[in-house]
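Written below as structure tokens is the structure these notes are about.
Each chain gets a letter, A, B and so on, in the order the sequences are listed, and its residues count up from 1.
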2 protein chains.
Amino acid sequence: MTLPGLRERKKQRTRDELTRVALELFTAQGYERTTVDEIVDAVEVSQRTFFRYFSSKEEVAFAVQQMVEERFVDALGQRPPGEGPFDAMRNAVLSAWDTIGDAIIEVVPVELYLRSFQMIESTPALLAVHLRRSTEMEETIAGIIAEREGLDLDADPRPRIAVAAFSGVMRVTGQLWGRGTDQSLEAIRALTEEYLDHLGPALAPSWRDTP
Amino acid sequence: MTLPGLRERKKQRTRDELTRVALELFTAQGYERTTVDEIVDAVEVSQRTFFRYFSSKEEVAFAVQQMVEERFVDALGQRPPGEGPFDAMRNAVLSAWDTIGDAIIEVVPVELYLRSFQMIESTPALLAVHLRRSTEMEETIAGIIAEREGLDLDADPRPRIAVAAFSGVMRVTGQLWGRGTDQSLEAIRALTEEYLDHLGPALAPSWRDTP
DNA sequence: TGTCAATTGTCAGTGACTGTCACTAGCCTC
DNA sequence: GAGGCTAGTGACAGTCACTGACAATTGACA
């Protein structure tokens, strides 16, 4: 466990700076109206360097989101085995939202993360990538669920189905949060809880019995 | 109801040709390895004309998919009002799959459609767009469901939640179909039916009671 | 047939991204 | 602490998707 050398620290600093400046420009003037050249000019590196850190202009927009996702996966892995699959996922998101603020702030201000989340939701090109990334994570989650339940992911469709339904609701939650007025971490946590509780009843044969 | 003039027919022919040639090239040599120039050279129009018909290279890949979606929306609109929301969606997909072959063949061979569906699923850039398009359609569907049930889409989250869960399962179905061996229209119809039937039980508190 | 309007082609330009190669600067050895 | 090694960077040229502007063409229709 040796602390990283100067070279390594410089790299991390460049990467964080590119991330922060990119998100600032994106949220200030829009993703499409921001060129990679603007970003690299502000950080004073060459365009080529930018593309060595991020494989595309899109990727830098998800640098922080990436951390959030890793946190959820960790939380899910730590859920007690007694919990059913759906409760485990539900509790993992909620616990992830509780501790996410600290991790983010090391790279960008929380407020900038919140704004960039909305930018992703409202920029078609980024929304598309966001959704694809989500499905990639669904596959990861389905694997964890299958293992928890001792099931074969390719023989039993239930893990993927449950995760797909769960993620669908999570996505709607994120969308509505972005559109709403209370754009705090607490708000999205509360929405998450509320909407997940609606899922079971929503699948009932008729909604007219249970308003 | 006058039949279209020469100009209109020519336009339709150009558009269909661009679609067919594009899908053929995409499926034969891959989406990314196909340039727009190759497509327009084969059809003998200018690149500028291509971009007047399709706003992007991605869009042409979804020209057929678009028809399928419209068919589903039509089918959903014709479901009897007595059906619950979930049954209406379920039966609309199934009925759509039953009649889709005829509509597609007017533009491209069915077999080419099947291959291009798999290409979309296996090309990250296209998968991303596909998912975004799906969410756009979810919004449409949620509107229809809300109207059927006499609900306010923004006051009651249940339409969006039900549609999100439904679409999640549909997406998994499509993915597994693309990966499987039986790549026929009948196969995806059967998978659709089977997986939708799994959704309710998958949300049960414990899976251990009902294998 | 000639005029109008829709459609297309040409051309020049922007922006994302890649390969190549020379160069700079941490790092490590002696 | 001088010098070689190598990871990381910059400069440059090139490809490809896409756009705006304007000229050329071709159905439509009087």
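Counting only heavy atoms from C-beta on, R48(A) has its side chain closest to dC12(D) among dA16(C), dC12(D), dC18(D). The side chain of T49(A) lies closest to dG10(D), out of dA21(D), dG10(D), dC17(C). Closest to the side chain of K10(A), from the set dC18(D), dG20(D), dG26(C), is dG26(C).
Among the protein residues, Y53(B) comes within range of the sugar-phosphate backbone only, with heavy atoms under 4.0 Å from sugar or phosphate atoms but none that close to a base.
A straight line from CD of E17(A) to P of dT9(D) spans 12 Å, rounded to a whole angstrom. Summarising the geometry, the separation between CZ on F51(B) and P on dT10(C) is reported as 16 Å, rounded to the nearest angstrom. In this structure, R13(A) atom CZ and dA25(C) atom P are separated by 15 Å, rounded to whole Å. Spacing between atom CD of E44(A) and atom P of dT9(D) amounts to 14 Å, rounded to whole angstrom units. Nucleotide dG8(D) holds its C1' atom 15 Å from the CD atom of Q12(A), rounded to whole Å. Between the C1' atom of dT9(D) and the CG atom of L18(A) lies a distance of 13 Å, rounded to the nearest Å. In this structure, CD of E38(A) is placed 9 Å from P of dA16(C), rounded to the nearest angstrom. Regarding E59(B), its CD atom lies at a distance of 11 Å from the P atom of dT19(D), rounded to whole Å.
Between dT9(D) and S46(A), no contact under 4.0 Å exists linking OP1 or OP2 to a side-chain N or O. For the OP1/OP2 pair of dA7(D) and a distance below 4.0 Å, the side-chain nitrogens and oxygens of K11(A) include no atom meeting the criterion.
In the model, Q78(B) has no side-chain atom that pairs as donor or acceptor with a side-chain atom of D74(B) under 3.5 Å. Under the 3.5 Å distance criterion, with hydrogens and angles disregarded, no donor-acceptor pair is assigned to the side chains of T34(A) and E38(A).
Aromatic ring pairs are classed by plane angle as parallel below 30°, tilted from 30° to 60° and perpendicular above 60°; the pair F117(A) and Y113(A) is perpendicular. Ring geometry, H130(B) versus F62(B): the interplanar angle falls under 30°, so the pair is classed parallel (tilted spans 30 to 60°).
Side chain R52(A) to base dG10(D): a donor-acceptor pair is found below 3.5 Å.
A residue-by-residue look at F54(B) and E8(B) shows that F54(B) has its nearest nucleotide of DNA chain D further toward the 5' end. Annotation: of the two residues near DNA chain D, D37(B) and R7(B), the 5′-most nearest-nucleotide partner is D37(B).
Within a 6.0 Å radius of CD in E147(A), no more than 12 heavy atoms belonging to other residues, nucleotides or ligands are found.
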